[in-house]
*Asks:* 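One structure follows; several queries about it will come next.
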Number of protein chains: 2
Amino acid sequence: MTGGLRERKKQATREALSAAALRLALERGPENVRVDDIAEAAGVSPRTYNNYFSSREQAIVAGLHTGQFAAVDGPLSEAVVRFYTHAGRSPEALAMITGNAALRACYADTATTLEAPLAEAIAERHPGVDPLAAQALAAAVAAAARVALRQWLRPTTTPGLVVVSGSLPDLVRTALSPLQPALDALDAPADQAS
Amino acid sequence: MTGGLRERKKQATREALSAAALRLALERGPENVRVDDIAEAAGVSPRTYNNYFSSREQAIVAGLHTGQFAAVDGPLSEAVVRFYTHAGRSPEALAMITGNAALRACYADTATTLEAPLAEAIAERHPGVDPLAAQALAAAVAAAARVALRQWLRPTTTPGLVVVSGSLPDLVRTALSPLQPALDALDAPADQAS
DNA sequence: GCAAAAAGATGCGCGCACGCAAATTTGCGT
DNA sequence: ACGCAAATTTGCGTGCGCGCATCTTTTTGC
């Protein structure tokens, strides 16, 4: 089984809250959604809402971040790229996020989701490296991805400048490119000496 | 001149607020300091306090983060290490931060201060690299440093485990070590092809 | 000097996050 | 089927961050 009734019910309310938050935000605009509205739409108390999400933005964004990290094989950098490409996002939701500073920040922060699983993956693949170094490298990759996300979401409000933020995968690849030597060095640990 | 009267006065209140926040936190413990207390101790209105800091933790931590980034010469990684080593921290303040989750998080976040100046430094030294890549690399370095900080501040509440978090410079160096190949590659951009 | 303008400080009000404790629901052994 | 223990929900109260309008102080232009 996937878990007891307890677990499933919990996941259900989480999704209900997230869905309600996203729907309401799309309907009225993010600024016109009160926390109480979300809770009511999901059929729970406002206090319960805060047991699941610690900010309105989190609730809205939660549903869009369906990407799961799976470094089954191949280079890590491509796994990272896949992680973002697979997320399910609707154009309207994307437009909304782009237009709101708080939502942009919150969505960019989802890059942090990488940190833990990536650190674990690195530690597993390369048991020789210092655990702290593995953590740090994972955090570094996540941070780079975060920058790519930020760039991708940047609103094009300055009509004078050329804003050619390409496709997200390309942006992620570009942001990851300077870290490539570091990732490659993992597989060739020959010359690590001082 | 260092600026007009306006500028100096502003800096003065900022420091007054930060100093008051730190002092009160040390006296009563961080949890027993209300924002109003800080404002009163600094001689400004509570609302004004929030014009300078957007959280109690920021105000408390602000005074401890005196490190300035200066990549005048030498390798970037050492400049980063210096950045953290030069910060003025008292043992008592450090103990307080270690013992409080919110303060720990806030202090670890000061690593972000690196991001902007480091990105600029990289862009200046290596005009050839993609601006986004420079940003990403800077963010990556900052993130690694952040991990080192987090490790350094980790409370030793688990008496069973060995917690040998060494000196901060060493931790930063370790965290930065996996990124060293990436930083080295900046100076030798000849063979980038796969 | 002086008046207009710019920048900052302040008061007010709203919505929000969260600790705490009581009430309710669920899991499980008997 | 029953009841107890654990987990979850809920209501309440507190402190907080911040937008907005207003008042005060500093700067600027003449």
Side-chain angles (χ1 to χ4, degrees), chain A residues 1-22 24-25 27-62 99-106 109 112, chain B residues 1-22 24-25 27-62 99-106 109 112:
Chain A
M1 315 182 200
T2 62
L5 190 152
R6 218 177 188 109
E7 204 78 19
R8 274 180 286 128
K9 214 170 183 182
K10 219 176 160 187
Q11 202 59 26
T13 31
R14 163 168 255 103
E15 284 170 20
L17 279 166
S18 174
L22 180 57
L24 290 176
E27 285 177 9
R28 324 178 184 171
E31 306 298 344
N32 302 323
V33 180
R34 306 272 154 271
V35 161
D36 296 25
D37 302 334
I38 302 177
E40 192 185 12
V44 295
S45 85
R47 185 61 184 84
T48 296
Y49 151 85
N50 261 311
N51 287 342
Y52 286 89
F53 300 102
S54 56
S55 81
R56 227 184 22 256
E57 290 76 25
Q58 268 188 27
I60 296 176
V61 158
N100 181 290
L103 284 179
R104 273 197 321 263
C106 185
D109 275 340
T112 315
Chain B
M1 316 185 203
T2 62
L5 189 152
R6 214 179 188 101
E7 205 77 20
R8 275 180 287 126
K9 218 170 183 180
K10 217 176 162 187
Q11 201 59 26
T13 33
R14 163 169 254 101
E15 284 170 20
L17 279 166
S18 173
L22 179 58
L24 290 176
E27 285 177 9
R28 323 178 184 172
E31 306 299 343
N32 303 323
V33 180
R34 309 269 155 269
V35 162
D36 296 25
D37 302 333
I38 302 176
E40 191 184 12
V44 295
S45 86
R47 184 63 183 84
T48 296
Y49 152 85
N50 261 314
N51 287 341
Y52 286 89
F53 301 102
S54 55
S55 81
R56 225 181 28 253
E57 289 77 25
Q58 270 188 28
I60 296 176
V61 158
N100 180 288
L103 284 179
R104 273 198 320 264
C106 185
D109 275 340
T112 316

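Computed from a predicted model, the values in this text were never measured in an experiment. The chains referred to below are lettered A, B, ... by the order of the sequence lines, with proteins before strands, and numbering in each begins at 1.
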*Asks:* Go ahead and name the base partner of dT30(C); Watson-Crick or wobble counts if both distances stay under 3.5 Å, otherwise write none.
*Replies:*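 Here dT30(C) is engaged in a pair, and the nucleotide opposite it is dA1(D).
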*Asks:* Whole Å only: how far is the CG atom of Asn50(B) from the P atom of dA9(C)?
*Replies:*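 My rounded result for the distance is 13 Å.
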*Asks:* Among Arg8(B), Arg14(B), Glu7(B), which residue satisfies the side chain to side chain contact (heavy atoms under 4.5 Å, CB included) criterion with Gln11(B)?
*Replies:*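 The side chain to side chain contact (heavy atoms under 4.5 Å, CB included) with Gln11(B) is passed solely by Arg14(B) among Arg8(B), Arg14(B), Glu7(B).
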*Asks:* Strictly by modelled atom types, are Asp109(B) and Gln58(B) linked by a side-chain donor-acceptor pair under 3.5 Å?
*Replies:*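 Distance-only check fails for Asp109(B) and Gln58(B).
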*Asks:* Where does the chain A footprint on DNA chain D start and end, counting 5' to 3' with a 4.0 Å heavy-atom cut-off?
*Replies:*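 Nucleotide range with atoms under 4.0 Å of chain A: dA6(D) to dC12(D).
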*Asks:* Return the nearest nucleotide to the side chain of Tyr52(B); candidates are dA9(C), dC18(C), dG15(C).
*Replies:*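 Looking only at heavy atoms from C-beta outward on Tyr52(B), the closest nucleotide is dA9(C).
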*Asks:* Calculate the interatomic distance between Asp36(A) atom CG and dC16(C) atom P; express it in whole Å.
*Replies:*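 So the two atoms are 6 Å apart, to the nearest Å.
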*Asks:* Respond yes when some side-chain nitrogen or oxygen of Arg34(A) is under 4.0 Å from OP1 or OP2 of dG15(C), and no when none is.
*Replies:*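 The answer is yes; a side-chain N or O of Arg34(A) sits under 4.0 Å from OP1 or OP2.
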*Asks:* Between Ser18(A) and Tyr52(A), is the side chain to side chain contact (heavy atoms under 4.5 Å, CB included) condition met? List the steps.
*Replies:* CA-CA 9 Å; Ser18(A) 174; Tyr52(A) 286 89; over 6 Å; no
*Asks:* Between P on dG8(C) and CZ on Arg14(B), what's the gap in Å once rounded to a whole number?
*Replies:*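 These atoms are roughly 11 Å apart.
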*Asks:* Among side-chain atoms of Asn100(A) and Glu57(A), is any donor-acceptor pair under 3.5 angstrom?
*Replies:*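 Not at all, the side chains of Asn100(A) and Glu57(A) share no donor-acceptor pair under 3.5 Å.
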*Asks:* How many angstroms lie between atom CZ of Arg28(A) and atom CZ of Arg34(A), to the nearest 0.5 angstrom?
*Replies:*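 Interatomic distance, Arg28(A) CZ to Arg34(A) CZ, rounded to 0.5 Å: 9.0 Å.
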*Asks:* What nucleotide, of dT10(C), dC18(C), dA7(C), holds the atom closest to the side chain of Ser45(B)?
*Replies:*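 In terms of side-chain proximity for Ser45(B), the closest of dT10(C), dC18(C), dA7(C) is dT10(C).
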*Asks:* Kindly indicate whether the side chain of Arg56(A) and the base of dG15(C) share any N or O donor-acceptor pair separated by less than 3.5 Å?
*Replies:*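 No, no donor-acceptor pair under 3.5 Å.
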*Asks:* Expressed as a whole number of angstroms, how long is the span from Glu7(B):CD to dA9(C):C1'?
*Replies:*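 That distance rounds to 16 Å.
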*Asks:* Stepwise, does the side chain to side chain contact (heavy atoms under 4.5 Å, CB included) test hold for Ile60(B) with Leu103(B)?
*Replies:* CA-CA 8 Å; Ile60(B) 296 176; Leu103(B) 284 179; 4.2 Å; yes
*Asks:* If only side-chain N and O atoms of Lys9(B) are considered, is one of them under 4.0 Å from the OP1 or OP2 phosphate oxygen of dG8(C)?
*Replies:*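 Answer is no, no contact under 4.0 Å.
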